[in-house]
Chemist: 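My questions all concern the structure below.
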Amino acid sequence: MFDNHMHSNFSADCDAPMEDMIEAGIKRGVKELSFTEHIDYDYPDPTIHFDVNLNQYEQKIREMQQTYGKQITIQKGIELGFQPHLTERYQQLLQDHSFDFIIGSMHTTDHKDLHSGRLFEGQSLNDAYEKYYTELYECAKAFDQFSILGHIDLVTRYKYEPSVYHFHDVIEEVFKVIIPRGQGIEINTSGYKYGMDRVHPTRDILQLYYDMGGEIITVGSDAHKPERVGDHIESSYELLRDVGFNYVATFEQQKPQFHKL
């Protein structure tokens, strides 16, 4: 079992020490985990500052690898918050620091954070979704230094109506960009934590990725607390098999490692 998306107190929205997250993973039977701490420059909520002291983070990862290396594999990852104007800044960051695993995620759209609901104010849900997916496409096209796209349909966590168009045409354009570049997507199981009773993304998006020839897919809990580590990982493997996937991926030094389901 692999959990390729989790956080520790190096992320501004998490207060759990790495040790607690790792020990929870060992108890759950996780064989490999990736810390993917948040860097979300220019986040529109001034009450939270998504930055990471990368020198301290790298040192802590090395310590944890030495301490727990005989029990579990620990990879050093990062989760970069996409916004169109941040491309050059992230490129510079990745020139100065290396990671095993890089998640590209969108937590803001149109300079509005998704969490607060501001994106949905003063416009239809269709228009809000269109802005989200179009901006995701623009960011993925302009910036290629990531391993996978995280929780592609995250916008649906904060407001959802069954009748709203789901923009598969735009998502298809995103896949046309990332699949030839050897980049993947993830199953993010945090939807269960938010009462959605499903993973991100929905099965139809997973099926679209598979049908278009996508092969690189990771699974992560997006845990911010020890009790969520490894959450719904095994059932996600079953979902992948049902869709048609034969392998799940992990990453080491930004190279995918494939594990037969």
Side-chain angles (χ1 to χ4, degrees), residues 5 79-87 90 102-115 117-191 194 196-220 222 236 239-249 256:
H5 189 155
E79 183 176 11
L80 302 178
F82 280 174
Q83 294 189 64
H85 66 287
L86 295 177
T87 297
Y90 285 141
I102 303 170
I103 300 177
S105 297
M106 281 191 62
H107 303 107
T108 71
T109 298
D110 194 26
H111 302 286
K112 302 177 179 69
D113 66 284
L114 301 180
H115 182 76
R118 289 181 55 229
L119 174 64
F120 309 108
E121 295 174 356
Q123 64 180 331
S124 71
L125 194 52
N126 268 317
D127 287 345
Y129 277 22
E130 182 175 11
K131 287 182 179 179
Y132 172 86
Y133 286 114
T134 300
E135 198 162 298
L136 175 64
Y137 168 71
E138 291 172 352
C139 290
K141 188 175 181 180
F143 180 73
D144 63 358
Q145 297 182 57
F146 58 90
S147 310
I148 60 105
L149 290 176
H151 42 56
I152 286 181
D153 64 348
L154 181 66
V155 68
T156 63
R157 175 189 297 173
Y158 300 106
K159 195 169 184 180
Y160 175 76
E161 295 174 5
S163 61
V164 173
Y165 181 59
H166 296 303
F167 294 93
H168 281 194
D169 55 339
V170 184
I171 297 171
E172 184 174 335
E173 293 303 313
V174 173
F175 291 162
K176 287 179 181 178
V177 169
I178 69 170
I179 290 173
R181 295 197 311 215
Q183 295 165 314
I185 64 172
E186 73 165 352
I187 285 183
N188 184 304
T189 71
S190 65
Y194 290 91
M196 301 182 71
D197 198 31
R198 68 167 178 86
V199 298
H200 293 290
T202 49
R203 178 175 177 142
D204 52 340
I205 296 175
L206 294 172
Q207 192 69 58
L208 176 64
Y209 178 71
Y210 175 81
D211 291 343
M212 292 182 64
E215 296 179 331
I216 299 173
I217 189 160
T218 64
V219 179
D222 204 349
S236 295
L239 173 58
L240 285 176
R241 283 191 288 265
D242 287 344
V243 170
F245 289 95
N246 294 314
Y247 297 89
V248 67

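Quick caveat: nothing in here was measured; it's all calculated off a predicted structure. Only heavy atoms go into these numbers, but all of them, side chains included; no hydrogens, no water, no symmetry mates.
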Chemist: Between the main-chain N or O of Thr156 and the side-chain N or O of Tyr132, is there a donor-acceptor pair closer than 3.5 Å?
Modeler: no
Chemist: Ignoring hydrogens, what is the shortest heavy-atom contact between Ser190 and Arg157? Give both atom names and the distance.
Modeler: OG-NH2, 2.5 Å
Chemist: So, the side chain of Gln183 versus the backbone of Phe146: is there a donor-acceptor pair under 3.5 Å, distance only?
Modeler: yes
Chemist: Can any side-chain N or O of Asp110 pair as donor or acceptor with the backbone N or O of Lys112 at less than 3.5 Å?
Modeler: no
Chemist: How far apart are the C-alpha atoms of Asn126 and Glu130, what are their side-chain angles, what is the distance that settles it, and do they pass the side-chain hydrogen bond (donor to acceptor under 3.5 Å, both in side chains) test?
Modeler: CA-CA 6 Å; Asn126 268 317; Glu130 182 175 11; over 6 Å; no
Chemist: Just so I know, are the side chains of Phe175 and Val170 near enough to count as touching, which here means a heavy-atom distance under 4.5 Å?
Modeler: no
Chemist: If you look at every heavy atom in Asp169 and Tyr165, which pair is closest and at what distance?
Modeler: OD1-OH, 3.2 Å
Chemist: Measuring only between side-chain heavy atoms, which start at C-beta, is Tyr160 closer than 4.5 Å to Val155?
Modeler: no
Chemist: Which heavy atom of Val174 sits nearest a heavy atom of Ala140, and at what distance?
Modeler: CG1-CB, 4.5 Å
Chemist: Could you tell me whether the side chains of Glu135 and Thr109 share a donor-acceptor contact shorter than 3.5 Å?
Modeler: no
Chemist: For the residue pair Phe245 and Tyr209, does the interplanar ring angle fall in the parallel (under 30°), tilted (30 to 60°) or perpendicular (over 60°) class?
Modeler: parallel
Chemist: Begin with the C-alpha distance, continue with both residues' side-chain angles, and end with the deciding distance and a verdict on side-chain hydrogen bond (donor to acceptor under 3.5 Å, both in side chains) for His166 and Asp204.
Modeler: CA-CA 10 Å; His166 296 303; Asp204 52 340; 5.9 Å; no
Chemist: Between the side chains of Arg198 and Thr189, is a donor N or O closer than 3.5 angstrom to an acceptor N or O?
Modeler: no
Chemist: Do Arg118 and Glu121 sit within salt-bridge range, that is, some charged N less than 4.0 Å from a carboxylate O?
Modeler: no
Chemist: Evaluate the side-chain proximity of Ile187 to Thr218: yes if any heavy-atom separation is below 4.5 Å, no if none is.
Modeler: no
Chemist: I'd like to check Asp153 versus Tyr133 (side-chain heavy atoms, cut-off strictly below 4.5 Å). Are they in contact?
Modeler: yes
Chemist: Do Asp113 and Leu119 come close enough that some side-chain heavy atom pair is under 4.5 Å?
Modeler: no
Chemist: Salt bridge check, Asp144 against Arg181: does any charged N sit closer than 4.0 Å to a carboxylate O?
Modeler: no
Chemist: Ser105 and Glu79: which non-hydrogen atoms are nearest, and at how many Å?
Modeler: OG-OE2, 2.7 Å
Chemist: For the side chain of Thr134 and the backbone of Lys131, is there at least one donor-acceptor N/O pair under 3.5 Å apart?
Modeler: no
Chemist: Taking Ser124 for the side chain and Asp127 for the main chain, is one N or O donor matched with an acceptor at less than 3.5 Å?
Modeler: yes
Chemist: Angle class for the His5/His151 ring planes (parallel below 30°, perpendicular above 60°, tilted otherwise)?
Modeler: tilted
Chemist: May I ask you to test the Val219-Glu186 pair for a side-chain heavy-atom distance under 4.5 Å?
Modeler: no
